[in-house]
Amino acid sequence: MDSNSEVSISSPVTRFAPSPSGHLHVGGARTALFCWAFAKGRGGKFVIRIEDTDQKRSSDAASVGFLKDLEWLGIRWDEGPVYGAPDGSNVGGGPHGPYFQSERLDIYNHHIQRLLDAGTAYEAWDTTEELEAFRKESLARKEAFRYRSRGEISAEQRAAFVAEGRSAVIRFRAAITPVTIPDEVLGYTVLPAGEVDDFVIRKKDGFPTYHFAVVVDDELMRVTHVFRAQEHFTNTAKHVLLQDALGFRRPVYGHLSIIKNPDDSKMSKRDKDKVLRKAVKERALTAPPQDTVSVEQWTEWLASDNVQLSLDAAIKLAEALGVQLPEINVDDFRRSGYLPEVICNFLALNGWSPGGDVEKFDNAFLQERFGLDRVLKTAAKFDRVKLLAFNTDAMNAMPHDVFVQRCRAHAEIFRPEFLAILDAAKFTLLMKATHERSKTLDEPFKGNMFLLESDESLPFKDDKSVRKALGIGAVREEGVKSGLEHLVAIRAIFEGCTWEHAAIEHAAHEYANAHAAGKIGNVAQPLRVAASGTTVSPPIWDTLILVGKTGVLRRIERCVQWAESLH
RNA sequence: GGCCCCAUCGUCUAGCCCGGUCUAGGACACCUCCCUUUCACGGAGGUAACAGGGGUUCAAAUCCCCUUGGGGUCACCA
């Protein structure tokens, strides 16, 4: 670390600066987590800024939906957009706003004018077609295209352009000299002279480009440490040049490795779109499937890779096409029942480790220990299987009452239909019956959909294990009752049975001792099929109580009928 | 293609900066066994890696070079 960073380390300011989005993807979440942990662990501040300088990706209220995801992960910001957290507290605000770049145009223009006055920026009048032609030329010569000033134009020429209705962009005059990219993770590297071209700093529409806005805002918002994805590595050269031209301080940089999909591609918020585009292409569809997206949306979407479908639209289209959208957003994992503290823990392990054999830790530990010195340079694959294992461990370690409370909170948002049919006693029983076998907060519900079915419509699954349990198609053994026969017999016993755990279990064991050679499994499995439709359910007596006495009796009847109809 | 970055079990990683303690440690996955009324959980074992080639050195996973492989980036997107 140089002396500059040691001064600022006493009270660092980090920032997370995404473009507007309704959802936070895991890569962004990890970046935010590291920025937050670094600043908060050192008594500093964590700032959020919205980089909405692209008018084509217009912003509305839903554009900062990702704030909800951050808050859910336990990542709160000291400065940034104001957000009302679920617990009633307000997050955000601050003295260096506005925190939306689209509201800071005057500020950017002021600094662009300084560059213009100094001659380190200039107007460029090239049309898109002209630029494209340049690029093609470069490509033909197998070179990368680097824009350079094409010389001053006369006042008459300029006036002619204006009269023609043309408008100019402002470009930065980049010195042709080697540029050192400062980076505390990858190490300092020197970019050869000429690699940085005269890049655009103000677009035709008057908005600054990302490069310019970032540099101005990081300075004005007193940002001391910039941690961002490695895809920005080369951009940093541009930012360094701009800082020098503007007379700004230089933050400490740290570029984080990207997170990859299992297939080695970069994990990106566009992955959902990619899956859909591929499916559309493979099927050579020319129009949107019924009840998915409008023709306008469809056309606009397919016209450009930069246009992304809204999440709702994407889900509908995925259903219509029968493809599975990848889980990449924090909210996808929340819906699947993952715990926020586990996601943070797991994310932190992708690209950082505290050393030794320590793997499980919380955000407080992260704050205390996180530093750039242990950030990995290599890209990591996001391993959902290990995430699940971590989640399972956390679920098992959870006190039962906490488990119940968190499942209820999950159900209120994602599984309200269970809350509607289960009274307090049954909800508690379901929780007791599912806790130790649940890997996520969603499993008590997802795995017990049979509870939602009416007794008259519960479907029975026709597969090998069901057939085996009921004895369908099996060779009759002399003196041994089939599962179906057990069902009929025990139904009669259940009719007179008090519907309590002990009574049911006692009756069943008594029956098994008398008629199934004491093998309770021979009775339990057919009952499970009758009550749930499959051979998988929570412990059998709990399952029976959950379904209810009338339900069980009726379901046994229907199960027997169904089985007989199979022959 | 130009430029830049990276490289330890299938995966996430410890070790590397400060060469010997590494016949390379942990976790997830996988395999075997145990537990078990289903599915899970749990318990006990096991398979499994320093990309390749050159150096430097008494000694290299650790330092240097090359090759190969992977990634990023080359927009009036961020």
Side-chain angles (χ1 to χ4, degrees), chain A residues 17-20 51-54 56-57 101 124 126 128 131 135 138-139 141-147 167-171 181 183 185-187 189-192 194-197 199-205 207-211 213-214 228-235 237 255 257-258 260 262 264-266 306 346 349-360 373 376-390 392 395-396 434-439 443 447 465 469 508-509 512 519-525 527-529 532 534-541 543:
Chain A
S19 51
E51 313 234 313
D52 57 347
T53 54
D54 184 1
K56 284 190 288 292
R57 297 190 215 166
Q101 292 186 326
D126 316 79
T128 314
L131 291 174
R135 276 191 200 102
S138 298
L139 196 68
R141 272 181 278 124
K142 299 197 168 189
E143 282 171 13
F145 174 59
R146 303 282 182 243
Y147 187 97
S167 44
V169 299
I170 310 287
R171 282 179 183 270
I181 300 176
D183 187 297
V185 173
L186 267 11
T189 61
V190 180
L191 221 52
E195 277 300 310
V196 180
D197 71 351
F199 56 95
V200 174
I201 56 176
R202 188 170 70 195
K203 299 179 267 188
K204 216 157 40 178
D205 64 7
F207 276 60
T209 57
Y210 160 74
H211 304 298
V214 155
R228 58 188 2 171
Q230 239 171 59
E231 62 201 61
H232 290 293
F233 184 71
T234 329
N235 288 336
H255 292 94
S257 63
I258 58 156
K260 293 189 293 181
D264 269 331
S265 64
K266 177 175 139 191
N306 291 330
F346 187 71
L349 243 24
N350 269 243
W352 179 81
S353 96
D357 292 340
V358 181
E359 266 200 316
K360 302 284 178 69
D373 53 332
L376 274 309
K377 299 176 179 184
T378 44
K381 267 185 220 177
F382 192 79
D383 184 355
R384 288 175 176 75
V385 178
K386 185 160 179 175
L387 206 215
L388 218 213
F390 269 45
T392 306
M395 300 281 292
N396 286 347
T434 50
H435 188 170
E436 72 172 358
R437 72 199 63 244
S438 289
K439 300 181 173 185
E443 275 188 15
S465 54
H509 272 285
K519 289 182 182 167
I520 193 67
N522 291 169
V523 181
Q525 278 307 84
L527 278 172
R528 197 184 301 282
V529 171
S532 74
T534 72
T535 52
V536 178
S537 87
I540 186 61
W541 319 126
T543 301

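As rounded to the nearest Å, A7(B) and G53(B) have C1' atoms that lie 15 Å from one another. To the nearest whole angstrom, the two C1' atoms, one in C5(B) and one in C9(B), are 24 Å apart. Remark: the separation of the C1' atoms in G10(B) and C4(B) is 29 Å, to the nearest Å. A gap of 15 Å separates the C1' atoms of U8(B) and A27(B), to the nearest Å. Rounded to whole Å, the C1' atom of G46(B) lies 26 Å from the corresponding atom of A51(B). For the C1' atoms, the distance from U62(B) to U21(B) is 14 Å, rounded to whole Å. Across G70(B) and G43(B), the matching C1' atoms stand 40 Å from one another, rounded to whole Å. Only the P atoms considered, U56(B) is 31 Å distant from A14(B), to the nearest whole Å.
Counting non-hydrogen atoms under 4.0 angstrom, S353(A) reaches the backbone sugars and phosphates but no base. As judged by a 4.0 angstrom heavy-atom cut-off over every strand, D197(A) is placed among residues making no nucleic acid contact. Within 4.0 Å of L131(A), counting heavy atoms only, lies at least one base atom of the nucleic acid. Within 4.0 Å of R141(A), counting heavy atoms only, lies no atom of the nucleic acid at all. Across all strands, I258(A) comes closer than 4.0 Å only to sugar-phosphate atoms, never to a base (heavy-atom distances). Using a 4.0 Å heavy-atom cutoff across all strands shown, H255(A) reaches no nucleic acid atom at all. Backbone-only engagement by V385(A) is indicated by non-hydrogen atom pairs under 4.0 Å involving sugar-phosphate atoms exclusively. When heavy atoms are screened at a 4.0 angstrom cut-off, G351(A) is found touching the sugar-phosphate backbone but no base atom. Contacts of P539(A) with the nucleic acid, taken as non-hydrogen atoms under 4.0 Å apart, include base atoms. Looking at heavy-atom distances under 4.0 Å, F207(A) makes no contact with the nucleic acid at all. Residue I540(A) is classed as a base contact, given a heavy-atom separation below 4.0 Å to a base. Nucleic acid contact for W352(A): none, since no nucleic acid atom lies under 4.0 Å from a heavy atom of the residue.
When both distances must be under 3.5 Å, the Watson-Crick or G-U wobble mate of A7(B) is U68(B). Across every strand in view, U56(B) sits unpaired, with no contact that passes the Watson-Crick or G-U test at under 3.5 angstrom. The partner of C33(B) is G43(B), by the rule that a Watson-Crick or G-U pair needs both atom distances under 3.5 Å. The nucleotide G1(B) finds its pairing partner in C74(B), both defining distances of the Watson-Crick or G-U wobble pair being shorter than 3.5 Å. Summarising the base pairing, U38(B) is matched to no nucleotide, lacking a Watson-Crick or G-U wobble pair whose two defining distances lie under 3.5 Å.
For T378(A), no side-chain nitrogen or oxygen approaches OP1 or OP2 of C6(B) to under 4.0 Å. For the pair R171(A) and C76(B), the criterion of a side-chain N or O lying under 4.0 Å from OP1 or OP2 is met. Phosphate proximity of G26(B) to K360(A): absent, as no side-chain N or O sits under 4.0 Å from OP1 or OP2. Taking only side-chain nitrogens and oxygens, R528(A) never comes nearer than 4.0 Å to OP1 or OP2 of C39(B). Taking side-chain N and O atoms only, R146(A) has no distance below 4.0 Å to OP1 or OP2 of A75(B). Regarding contacts with the backbone of A78(B), a side-chain N or O of T53(A) is found under 4.0 angstrom from either OP1 or OP2. Of the side-chain N and O atoms in K142(A), none sit less than 4.0 angstrom from OP1 or OP2 of G2(B).
Counting to the nearest Å, the P atom of C16(B) and the CG atom of D373(A) are 13 Å from each other. Atom CD in E195(A) sits about 15 Å away from atom P in U73(B), given to the nearest Å. Spacing between atom NZ of K260(A) and atom C1' of A7(B) amounts to 10 Å, rounded to whole angstrom units. As rounded to whole Å, 17 Å separates atom P of C28(B) from atom CZ of F382(A). Atom CD1 in I181(A) sits about 12 Å away from atom P in C6(B), given to the nearest Å.
No side-chain donor from either of S257(A) and T378(A) sits under 3.5 Å from a side-chain acceptor of the other. Residues N235(A) and Y210(A) bring no donor and acceptor atom of their side chains to less than 3.5 Å of each other. Donor-acceptor pairing under 3.5 Å is lacking for the side chains of T535(A) and R528(A).
Heavy atoms from other residues, nucleotides or ligands lying under 6.0 Å from NZ of K519(A) number 12 at most.
Taking the six-membered ring for Trp and thresholds of 30 and 60 degrees, H509(A) and W541(A) have ring planes inclined between 30 and 60 degrees apart.
With hydrogens and angles left out, the side chain of K386(A) and the base of A29(B) share no donor-acceptor pair within 3.5 Å. With hydrogens and angles ignored, no donor-acceptor pair under 3.5 angstrom links the side chain of K381(A) to the base of C12(B).
If you check A78(B), G72(B), U13(B) against the side chain of Y210(A), the one that comes closest is A78(B).
Base orientation of C31(B): anti (glycosidic angle beyond 90° from 0).
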